[in-house]
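For the numbers below, each heavy atom of this structure counts, side chains included, while hydrogens, waters and symmetry mates do not.
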Amino acid sequence: IRILTDDQTDSTKRPIAASIRASIQWLVDGVQPGDSLFFEFSGHGHQIKDDNNDEDDGMDEVLLPFDYNTGGGFIRDDFLFEHLVKPIPSGAHLTVLMDCCHSGTGLDLPFVFAIKNKGETNTNTNTNTNTSHQTVSGAEPTIQQKEKEKEKEKEKEKEK
């Protein structure tokens with residue numbers, strides 16, 4: 001078990017960007033079928049401009065490490081997918097708990113989850129990454145999400 005907290009004096013045990021990245025690498029190193037891994041981030045999440053054009057909304061979701069504003073930078077969803085999700089082999093299990101804003105898409109999983117009602121729960125198995133993803137959100141739908149839902153409803157009406 002590795003726990004990073006902001007009250008530590010040893011920088012390797014603080015939730016700074018370098019320690020979070022190193023801990024993710026430590027977690028997935030040597031993972032094999034049958035293993036169960038757990039990653040939790042409780043802190044701040046945010047969105048910033050997508051830097052590689054892989055986001056439909058043009059925004060990357062990011063974790064804000066303790067040192068994000070003093071040189072540590074953000075931890076992008078692209079990094080989390082490449083270094084936390086993608087290395088998991090078939091038969092291994094990864095549970096991720098992200099207690100932060102913009103966590104619903106924070107792993108950059110290749111499927112879309114739209115929040116329809118406050119407190120909705122959705123489970124989706126993704127065969128491309130050998131992961132099972134469950135999202136529980138108490139967040140209100142954003143204006144952008146509401147607009148997308150209205151557009152989809154209009155498209156369905158046109159098809160009829």
Side-chain angles (χ1 to χ4, degrees), residues 1-8 10-48 50-52 54-68 72-142 144-145 148-149:
I1 294 177
R2 185 175 285 191
I3 299 172
L4 307 177
T5 59
D6 58 3
D7 61 348
Q8 299 295 316
D10 178 351
S11 65
T12 65
K13 295 180 181 178
R14 299 187 80 190
I16 61 174
S19 296
I20 293 171
R21 288 184 182 103
S23 293
I24 288 170
Q25 188 61 51
W26 169 85
L27 181 64
V28 300
D29 273 351
V31 64
Q32 298 178 10
D35 290 349
S36 293
L37 309 177
F38 182 81
F39 175 83
E40 178 185 2
F41 178 82
S42 295
H44 296 287
H46 193 59
Q47 288 184 309
I48 59 174
D50 179 19
D51 66 347
N52 63 357
D54 70 334
E55 302 285 347
D56 290 340
D57 65 356
M59 303 297 283
D60 273 333
E61 287 68 41
V62 295
L63 303 181
L64 303 180
F66 191 75
D67 64 339
Y68 82 93
F74 305 107
I75 297 179
R76 290 180 183 264
D77 54 3
D78 300 330
F79 176 88
L80 293 173
F81 180 79
E82 285 296 318
H83 297 276
L84 182 62
V85 176
K86 199 172 178 181
I88 306 303
S90 183
H93 300 280
L94 171 66
T95 300
V96 177
L97 174 62
M98 293 173 55
D99 178 17
C100 60
C101 291
H102 307 288
S103 60
T105 54
L107 293 177
D108 233 6
L109 299 175
F111 60 83
V112 175
F113 172 74
I115 299 171
K116 294 180 182 175
N117 298 306
K118 186 176 180 178
E120 181 177 279
T121 301
N122 180 51
T123 302
N124 192 333
T125 300
N126 181 343
T127 56
N128 296 330
T129 59
N130 300 312
T131 63
S132 176
H133 177 245
Q134 183 173 26
T135 301
V136 179
S137 179
E140 292 289 342
T142 65
Q144 190 176 36
Q145 288 168 324
K148 283 183 182 180
E149 287 178 16

Name the atoms and distances for all side-chain donor-acceptor pairs under 3.5 Å in residues 61-68, with sequence neighbours left out.
residue	atom	partner	partner atom	Å
Glu61	OE1	Thr105	OG1	3.3
Glu61	OE2	Gln47	NE2	2.8
Asp67	OD1	Ala17	N	2.9

Report all side-chain donor-acceptor pairs from residues 20-31 shorter than 3.5 Å, counting only partners two or more places apart or in another chain.
residue	atom	partner	partner atom	Å
Arg21	NH2	Phe74	O	2.7
Ser23	OG	Ser19	O	2.8
Gln25	NE2	Asp29	OD1	2.5

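Put simply, CZ on Arg14 and CG on Asp6 are 6.5 Å apart, with the number rounded to the nearest 0.5 Å. Atom CG of residue Leu84 and atom CG of residue Asp77 lie 12.0 Å apart, to the nearest 0.5 angstrom. Atoms CD1 and CE, on Ile48 and Met59 in that order, are 8.0 Å from each other to the nearest 0.5 Å. For the atom pair Leu4 CG and Asp7 CG, the distance stands at 11.0 Å (nearest 0.5 Å). Interatomic distance, CZ of Phe41 versus CG of Asp99, reported as 9.0 Å (0.5 Å rounding).
Counting all heavy atoms, side chain and backbone alike, Ser42 lies closest to Glu40 at OG-OE2, 2.9 Å. Residues Phe81 and Leu107 approach most closely at CB-O, 3.2 Å, considering heavy atoms. Closest heavy-atom contact between Cys100 and Gly45: CB-N, 3.6 Å.
Residues Leu97 and Phe38 form a side-chain contact, since some pair of their non-hydrogen atoms from C-beta on lies under 4.5 Å apart.
For His44, the NE2 atom sits in a loose shell: 12 or fewer heavy atoms of surrounding residues, nucleotides or ligands are nearer than 6.0 Å.
Remark: the backbone N or O of Glu82 is not paired with any side-chain donor or acceptor of Asp78 at under 3.5 angstrom. With hydrogens and angles disregarded, no donor-acceptor distance shorter than 3.5 Å links the side chain of Asp60 to the backbone of Arg76.
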